[in-house]
Protein chains: 2
Amino acid sequence: MSESESPANAKRRNPTMNDVAREAGVALRTVSRYVNGETNIDPTLVERIRDAITSLGYRRNLAAASIRPGWTSKMLALVIGDLANPYYSSIARAVEERVRSEGYLLTTVSSDEDGARHDQLVDRLMEQRIDGMIIVPPRAQTRDWDTIPPPVPPVVFVDRPGAFPSADCILADNDGGAAEAVSFLLEKGTRRIAFVGDGLDIFTIRERHKGYLSAHRAAGVEPDLESVFTSAHTSEQAADIVRRVVETESADAIFAANNRAAVGALMAFRSLGRRLPMIGFDDFEAAVLSTPATSVVTQDIAAMGTLAADTLLARLAGDASPARTVVLPTRLILRGSEAA
Amino acid sequence: MSESESPANAKRRNPTMNDVAREAGVALRTVSRYVNGETNIDPTLVERIRDAITSLGYRRNLAAASIRPGWTSKMLALVIGDLANPYYSSIARAVEERVRSEGYLLTTVSSDEDGARHDQLVDRLMEQRIDGMIIVPPRAQTRDWDTIPPPVPPVVFVDRPGAFPSADCILADNDGGAAEAVSFLLEKGTRRIAFVGDGLDIFTIRERHKGYLSAHRAAGVEPDLESVFTSAHTSEQAADIVRRVVETESADAIFAANNRAAVGALMAFRSLGRRLPMIGFDDFEAAVLSTPATSVVTQDIAAMGTLAADTLLARLAGDASPARTVVLPTRLILRGSEAA
DNA sequence: TTGTAAGCGTTATCAT
DNA sequence: ATGATAACGCTTACAA
């Protein structure tokens, strides 16, 4: 074992199974069995192998192992819009936790709601030979899944339905949750409820808008089309809208279709020193700190992630039952802001 | 090309480079050259190869390519405490963005501040042969880096210094930022400033506590040791502490050492209908919504992530200069809550 | 129980 | 410029 030509801390090559076998004086095969936790190995050899492994600092090369037939990377991917968005990162955390318990590593990537970038990431992930994917489809159009050449690993869509009919899908009851909130406001006697939210090209907003309308229909109240605002992409834009609504008294209540809209409404109320009854969709940190505390429709984001992971793991384990779409219930939490 | 024995949509094997070569009627070598974007290929063959690739739906197997000498996985890892924490997920997003532009895929994992789990994840990542890591060291003790057998890929520590002297490290000026905030309160005339935060075993809290003390020293004010609370692990716990402080009038101002503490203080103020001058460390969504808006010491989290990524990429590109520790400045943002 | 040898999908050397 | 052919580090029939 001459090491004359290299200093102690030089960049060393990764020791291989072969190195271990040579050092331990056994065959490659035996080391492989040991590493893979197989039984029936001569205890003497086990000891020699273990010693060789520690003395050489051997580490398995999972990438090399994964290319063998019947073996996989044991890596999964989660494709979301933006990891910096707490909504998505909560999903990511739940998924990570669940798949970790099954020995999977999770790679989370952000599509930035860009269709081309999304497709590019999916391609890269498939080239990396990940075992499966959980995807929040981007708002922008992606290519048709049928155009992707097989084999395509198992895919589960979350939060929004994917352009892939035969894949599992986990959604929240955006429609029903919004209807419940708006119905509540209508029962309280408000008649002109402003809908403040992002564009209707986003699935969740579209569904919440549907609920907004059906609640009106159910109550026999004509919805005021002038009060539907779908250009609140940021909380600042939402604040501007709400400020105008309050000032012109064009509505007597606010339904904030996502948490950015709700935050914007709070900003508007704050700067005006005046407020309207409001219910938001999606919970947010500041909700309990506002005065009055903000009522919201919540969804169990972690449960959504966990269920998506469960579904994917089941597929990986061989579940070949027909694809399911699961719609998770939402919950209306009244904290005070719904009152006049 | 008989496909008699399998239905159209059956689980197909991934086509290989060999399949492409056969289909195109060229040698394996030529396909490899084409795929790797090398020039000097007969245009006729190029066309045949391209056709074969699309007709077979060939996708590169990056895992297989990565095991060749001189090749790498082109995957990096980010190890943080908890992906669901907006502070960390912002770092993750910044890192992802930066390394993506260099062709790297980023795997983000959560250690949950658990030392053993952290070590386990690091091992798994190294077995997966990631090219480098960015690490937020967990609060709990991890093993000594010197005990990890070489070769160890380049590592950059973020937010907290790692137990690895010869690695790069990106920190925020926790000490200086806290000192600036506390000095400001002292100049305003408050004399008993409560320090509300998490345990001093956490590097950032320890540093902020240092700044708290040095500000007192600089102002010639004796810090009240009874007013240092380091058991606020959650915002609820912080709220309890602050409520007691306000009720007993044991302090005339609050320094909230992290955003959970600041949120807790706001909750306490809200329930009491009474408040104290306060400055927090780390910005948070509700800060601008509170009344008065909450003043905070902020750090540019995204910049921290980007710089960490830059540093790691430089190392991967061969930068062998001595390891550096960079301390990023913080900024005091006065919004009103600092006043009496 | 252990060893020998083939092969996974790729890249790279070296003749042609 | 192209084509056999040998690696890379690993798992696994198949032999011994």
Side-chain angles (χ1 to χ4, degrees), chain A residues 12-50 52-53 56-75 124 126-131 149 151, chain B residues 12-50 52-53 56-75 124 126-131 149 151:
Chain A
R12 229 190 305 251
R13 159 180 86 75
N14 267 299
T16 77
M17 226 170 188
N18 238 317
D19 298 330
V20 175
R22 195 180 316 115
E23 175 84 4
V26 301
L28 181 58
R29 174 71 230 256
T30 314
V31 179
S32 175
R33 300 189 66 194
Y34 171 79
V35 164
N36 284 32
E38 290 180 38
T39 58
N40 292 342
I41 312 182
D42 188 326
T44 319
L45 299 191
V46 166
E47 178 136 354
R48 279 182 12 219
I49 292 174
R50 202 205 320 276
I53 286 181
L56 262 59
Y58 169 73
R59 244 187 317 262
R60 280 182 88 172
N61 184 334
L62 260 32
S66 76
I67 74 169
R68 302 302 329 281
W71 286 64
T72 71
S73 64
K74 277 291 198 173
M75 295 196 341
R124 169 68 188 273
M126 293 180 71
E127 291 187 338
Q128 207 73 241
R129 294 294 192 271
I130 46 100
D131 293 351
Chain B
R12 228 190 305 251
R13 157 179 90 74
N14 267 298
T16 78
M17 227 172 193
N18 237 317
D19 299 330
V20 175
R22 195 179 317 115
E23 174 86 2
V26 301
L28 182 58
R29 176 70 231 255
T30 314
V31 180
S32 175
R33 300 188 65 192
Y34 171 79
V35 164
N36 284 30
E38 290 180 39
T39 57
N40 292 342
I41 311 183
D42 187 326
T44 319
L45 299 191
V46 166
E47 178 135 354
R48 282 190 358 225
I49 293 174
R50 202 206 317 277
I53 286 182
L56 264 61
Y58 169 73
R59 247 189 313 264
R60 280 183 86 173
N61 184 335
L62 261 33
S66 75
I67 75 170
R68 303 297 336 277
W71 284 66
T72 70
S73 64
K74 277 292 198 173
M75 296 196 340
R124 168 70 188 272
M126 293 180 73
E127 290 187 338
Q128 206 74 240
R129 293 294 191 269
I130 48 99
D131 293 352

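This structure is a prediction, so every number in the text was calculated from the model and none was measured. Within every chain, numbering begins at 1; the chains are lettered A, B, ... in the order of the sequence lines, protein sequences first and strands thereafter.
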What's the [atom1]-[atom2] distance between [X] and [N], to the nearest Å?
X      : N       : atom1 : atom2 : result
R68(A) : dC8(C)  : CZ    : C1'   : 5 Å
R48(A) : dT2(C)  : CZ    : C1'   : 12 Å
I53(B) : dG9(C)  : CD1   : C1'   : 14 Å
I49(B) : dT10(C) : CD1   : P     : 13 Å
N61(A) : dG9(C)  : CG    : C1'   : 14 Å
I67(B) : dG7(C)  : CD1   : C1'   : 11 Å
N18(B) : dT11(C) : CG    : C1'   : 13 Å

Query raised in the report: Does the side chain of Y34(A) come within less than 4.5 Å of I53(A)'s, by heavy atoms?
Result: yes
Requested in this report: State, with a plain yes or no, whether a side-chain heavy atom of P151(B) is found less than 4.5 Å away from one of M126(B).
Outcome: no
Requested in this report: Heavy atoms only: give me the nearest R124(A)-L62(B) pair and the separation to one decimal.
Outcome: NE-CD2, 3.5 Å
Query - Leading and trailing nucleotides of DNA chain D with any atom under 4.0 Å from heavy atoms of chain B - result: dA1(D) to dC8(D)
From [atom1] ([X]) to [atom2] ([Y]), nearest 0.5 Å:
X       : Y       : atom1 : atom2 : value
T16(B)  : I67(A)  : OG1   : CD1   : 11.5 Å
Y58(B)  : E127(A) : OH    : CD    : 8.0 Å
I130(A) : S66(A)  : CD1   : OG    : 12.0 Å

Does [X] reach the main-chain N or O of [Y] with its side chain, forming a donor-acceptor pair under 3.5 Å?
X       : Y       : answer
R129(B) : R60(A)  : yes
R48(B)  : G25(B)  : yes
D42(B)  : T44(B)  : yes
R12(B)  : P149(A) : no

Requested in this report: For the helix from dT1(C)-dA16(D) to dT16(C)-dA1(D), figure out the bend between the end axes, five pairs an end, and round to 10 degrees.
Outcome: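 Angle reported: 40°, given to the nearest ten degrees.
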**Report entry** Given dC8(C), dG9(C), dT11(C), the nucleotide with the shortest approach to the side chain of P69(A)
**Finding:**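 Ranking dC8(C), dG9(C), dT11(C) by closest atom to the P69(A) side chain puts dC8(C) first.
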Query raised in the report: So which of residues 25-46 of chain A are in contact with DNA chain C, with a heavy-atom cut-off of under 4.0 Å?
Result: V26(A), A27(A), R29(A), T30(A), R33(A), N40(A), I41(A), D42(A), L45(A)
**Report entry** Full working for side-chain contact (heavy atoms from CB on, under 4.5 Å) between V26(B) and R33(B)
**Finding:** CA-CA 11 Å; V26(B) 301; R33(B) 300 188 65 192; over 6 Å; no
